[in-house]
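Note sheet for the following structure.
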Amino acid sequence: MHTTESLTSFSDLLGAIPAAPKTRDILDPATGEVVAAAPVQTLADLEAAVASARLAQPEWAALGHAERSAYLMRAADAVEAAAEGLAELLSREQGKPLNGPNARFEVGACAAWLRATASFELEPEVLVDDDGGRAELHYRPLGVVGAIGPWNWPMMISIWQLAPALRMGNTVVMKPSEYTPLSVLALAAVLNQALPAGVLHVVSGGRDVGEALAGHADIDKVMFTGSTATGKAIIRSSADTVKRLTLELGGNDAGIVLPDADPAAIAEDLFWGAFINTGQTCAALKRLYVHEDIYDAVVDALAGVANAMPMGVGLDENNVLGPLQNQAQFTIVAGLVQAAKDAGARIVTGGNPASGQPGYFYPATLVADIENDNPLVAQEQFGPALPIIRYSTVDEAVAMANALDVGLGASVWSSDKDAALAVAARIEAGTVWINKHGAVDPRMPFGGAKQSGYGLEFGVEGLKALGAPQVLSY
């Protein structure tokens with residue numbers, strides 16, 4: 001293992017972040033204060049990490065599933081021991097509050113996902129067993145997995161990538177977002193207290209490092225969570241080496257509220273489906289279609305929930321909504337809400353960020369009486385602004401939900417489960433939830449339809465995606 005020292009506190013974690021000749025200050029998006037200096041690593045650092053991972057991989061693979069799973073369990077223990085320090089760092093770097101479905105929640109999910117991934121059984125599948133012979137399907141390690149992560153859930157999505165990769169006998173080289181490198185570097189330092197040397201590396205660099213990782217001849221698979229545009233670039237760069245890919249790309253998730261739904265009963269779950277992590281979630285509810293019979297009641301119920309949710313600096317224990325993580329995303333959200341206003345849509349609540357204040361705070365915003373082709377509906381806003389579109393028939397709602405070229409998740413809301421399931425079967429999305437939205441589970445495969453990407457994560461299917469299938473016929 002890398003070290004016997006225990007990393008638990010915020011200061012311990014910052015001290016474990018590697019030094020580099022060149023660094024860049026990371027600012028707290030809630031206050032503008034410097035959190036710490038992050039290393040700006042180079043292509044040479046990437047080459048060294050890939051070479052080390054390649055060297056360590058055969059021995060790691062030879063351990064077998066049981067021993068690798070035991071390592072993941074010990075890594076989960078290390079995360080739990082460092083949970084409060086990790087949550088503070090995550091809150092200060094990403095902006096999300098400690099409480100609510102935010103920083104502490106994310107760190108807890110890291111430990112839970114490690115344990116779940118370690119616990120899945122993956123036995124050889126018997127394909128044929130008769131007088132003519134026997135054939136079995138096995139999954140072998142691929143080699144070195146390159147993982148490129150986002151800034152919205154930097155720790156949790158890193159675990160989603162590295163845990164199944166390691167469990168399957170691969171080693172991992174990760175490239176975190178330039179917006180949230182500290183969180184991933186600190187998480188890796190904690191994990192590496194439990195893991196053998198060489199199996200997990202993080203290279204904190206710029207776009208050049210990400211591009212080189214995606215096309216590297218010694219990387220056998222790339223896992224990427226981020227924009228569809230970047231995903232397409234990774235597909236192109238992977239072609240020369242016929243690299244395996246798992247891509248979880250942009251989403252613009254639709255929710256359909258059927259006329260028999262109870263507005264008061266669903267309002268809080270609708271709110272969190274849309275505004276978890278202040279709307280900065282790939283599989284968040286981003287456009288809501290409500291039947292005309294209950295439209296006003298749903299809008300009013302949602303407004304009541306939104307107005308009761310405190311927003312502010314993440315280290316304040318009272319807050320459950322934080323800032324947008326960066327200026328660029330703030331500008332996108334503000335521009336889309338302004339376009340909706342200019343087109344005559346009704347701002348029910350929010351839409352008026354305070355000026356002259358530190359931090360990228362944009363209030364929880366509900367936009368009603370908006371047309372389906374408005375940019376706030378048609379483009380992924382990735383922030384705390386929810387357009388609510390009125391519909392007359394279920395056929396109309398389904399057609400609008402399916403009209404875009406993305407399909408990560410969707411949801412149907414109804415008091416009649418069978419009616420909801422019938423509508424769900426018509427929606428083009430990788431996951432459709434009933435009376436909830438975005439409820440991922442480590443046991444349930446997760447992936448997108450259309451241009452929201454391809455490949456599955458989570459569960460046994462996610463493990464298989466990190467292995468090379470091999471048929472033994474005898």
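Shown here for Asp77 and Arg115, the closest heavy-atom pair between the two residues is OD1-NH2, 2.7 Å. The heavy-atom pair separating Ile256 from Ile427 by the smallest distance is CD1-CD1, 4.0 Å. Across all their heavy atoms, Gln94 and Pro154 have their closest contact at CG-CD, 4.2 Å. Here the shortest heavy-atom pairing between Phe10 and Val35 reads CZ-CG1, 4.4 Å. In this structure, Gly351 and Val337 approach most closely via the heavy-atom pair CA-CG1, 4.3 Å. Between Ser415 and Asp260 the shortest heavy-atom distance is OG-O, 3.0 Å.
In this structure, the separation between NZ on Lys221 and CG on Leu466 is 5.5 Å, given to the nearest 0.5 Å. Interatomic distance, NZ of Lys243 versus OG of Ser237, reported as 7.5 Å (0.5 Å rounding). Considering CG of Asp253 and NE2 of His437, their distance stands at 3.5 Å, rounded to 0.5 Å. In this structure, Cys282 SG and Phe446 CZ are separated by 7.5 Å, a value rounded to the nearest 0.5 Å. Taken from CG in Asn152 to CD in Glu106, the straight-line distance is 8.0 Å, to the nearest 0.5 Å. Here the OG1-CG distance, from Thr365 to Leu336, works out to 11.5 Å after rounding to the nearest 0.5 Å.
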Test log, rule side-chain contact (heavy atoms from CB on, under 4.5 Å), inputs Met155 and Ile159: CA-CA 6 Å; Met155 291 186 183; Ile159 293 293; 5.8 Å; no

Leu302 and Val348: CA distance, side-chain angles, deciding distance, side-chain contact (heavy atoms from CB on, under 4.5 Å) verdict: CA-CA 10 Å; Leu302 266 173; Val348 178; over 6 Å; no

Candidate pair Lys232 and Leu249, rule side-chain contact (heavy atoms from CB on, under 4.5 Å), full reasoning: CA-CA 9 Å; Lys232 290 177 179 178; Leu249 307 179; 5.8 Å; no

Ile370 vs Ile389, side-chain contact (heavy atoms from CB on, under 4.5 Å): CA-CA, chis, key distance, verdict: CA-CA 6 Å; Ile370 185 170; Ile389 304 97; 4.0 Å; yes

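At most 12 non-hydrogen atoms from other residues, nucleotides or ligands lie less than 6.0 angstrom from CZ of Arg244. The neighbour count for Glu178 CD, taken as heavy atoms of other residues, nucleotides or ligands under 6.0 Å away, is above 12. The environment of Arg346 atom CZ is dense: over 12 non-hydrogen atoms of other residues, nucleotides or ligands sit within 6.0 angstrom.
Counting only distance, with no hydrogens or angles, the side chain of Ser69 and the backbone of Ala118 share a donor-acceptor pair below 3.5 Å. Checked by atom type and distance alone, the side chain of Asn402 pairs as donor or acceptor with a backbone atom of Arg426 at under 3.5 Å. Proximity of a side-chain donor or acceptor of Gln280 to a complementary backbone N or O of Asn277 within less than 3.5 Å is detected. In terms of modelled atom types and a separation under 3.5 Å, the side chain of Asn435 and the main chain of Ser414 share a donor-acceptor contact. Of the possible donor and acceptor atoms, none in the side chain of Arg167 sits under 3.5 Å from a partner among the backbone N and O of Leu72. Remark: side-chain polar atoms of Asn374 are not paired, donor with acceptor, to backbone N or O of Glu371 under 3.5 angstrom. Formation of a donor-acceptor pair under 3.5 Å by the Asp405 side chain with backbone atoms of Gln451 is not found in this model. Formation of a donor-acceptor pair under 3.5 Å by the Asn170 side chain with backbone atoms of Val144 is not found in this model. Remark: the backbone N or O of Gly273 is not paired with any side-chain donor or acceptor of Lys436 at under 3.5 angstrom. With hydrogens and angles ignored, the 3.5 Å screen pairs a side-chain donor or acceptor of Asn319 with a backbone N or O of Val313.
The closest side-chain heavy-atom distance from Thr281 to Trp153 is below 4.5 Å. Put simply, the side chain of Trp433 does not reach to within 4.5 Å of the side chain of Leu285, judged on heavy atoms. No side-chain heavy atom of Phe120 sits less than 4.5 Å from a side-chain heavy atom of His65. Between Val172 and Gln161, the closest side-chain pair of non-hydrogen atoms is not below 4.5 Å. With a 4.5 Å cut-off on side-chain heavy atoms, Leu258 and Asp416 do not count as touching. Counting only heavy atoms from C-beta outward, the side chains of Leu90 and Lys96 approach each other to under 4.5 Å. Side-chain contact check for Ile148 versus Ile234: some heavy-atom pair is nearer than 4.5 Å. In this structure, Ser158 and Leu187 have side chains that are in contact, with non-hydrogen atoms separated by less than 4.5 Å.
Judged by a 6.0 Å distance limit and a 45° cone about the ring axis, Arg68 is not positioned over the six-membered ring of Tyr71.
Taking the six-membered ring where the residue is Trp, Trp113 and Trp160 present tilted rings, their angle falling between 30° and 60°. In this structure, Tyr360 and Phe330 have tilted ring planes: the angle between them lies in the 30° to 60° band. Phe275 and Phe271 have parallel rings, their planes meeting at less than 30° on a 0 to 90° scale where 60° marks the start of perpendicular.
A ring-centre distance under 6.0 Å is not found for Tyr391 and Tyr289.
Checked against Arg104 for a salt bridge (charged side-chain N to carboxylate O under 4.0 Å, His left out), the options Glu88, Glu80, Glu317 give a single hit: Glu317.
A donor-acceptor contact under 3.5 angstrom links the side chains of Ser411 and Trp413, judged on distance only. A donor and an acceptor atom, one from each side chain of Ser183 and Glu93, are located under 3.5 Å apart.
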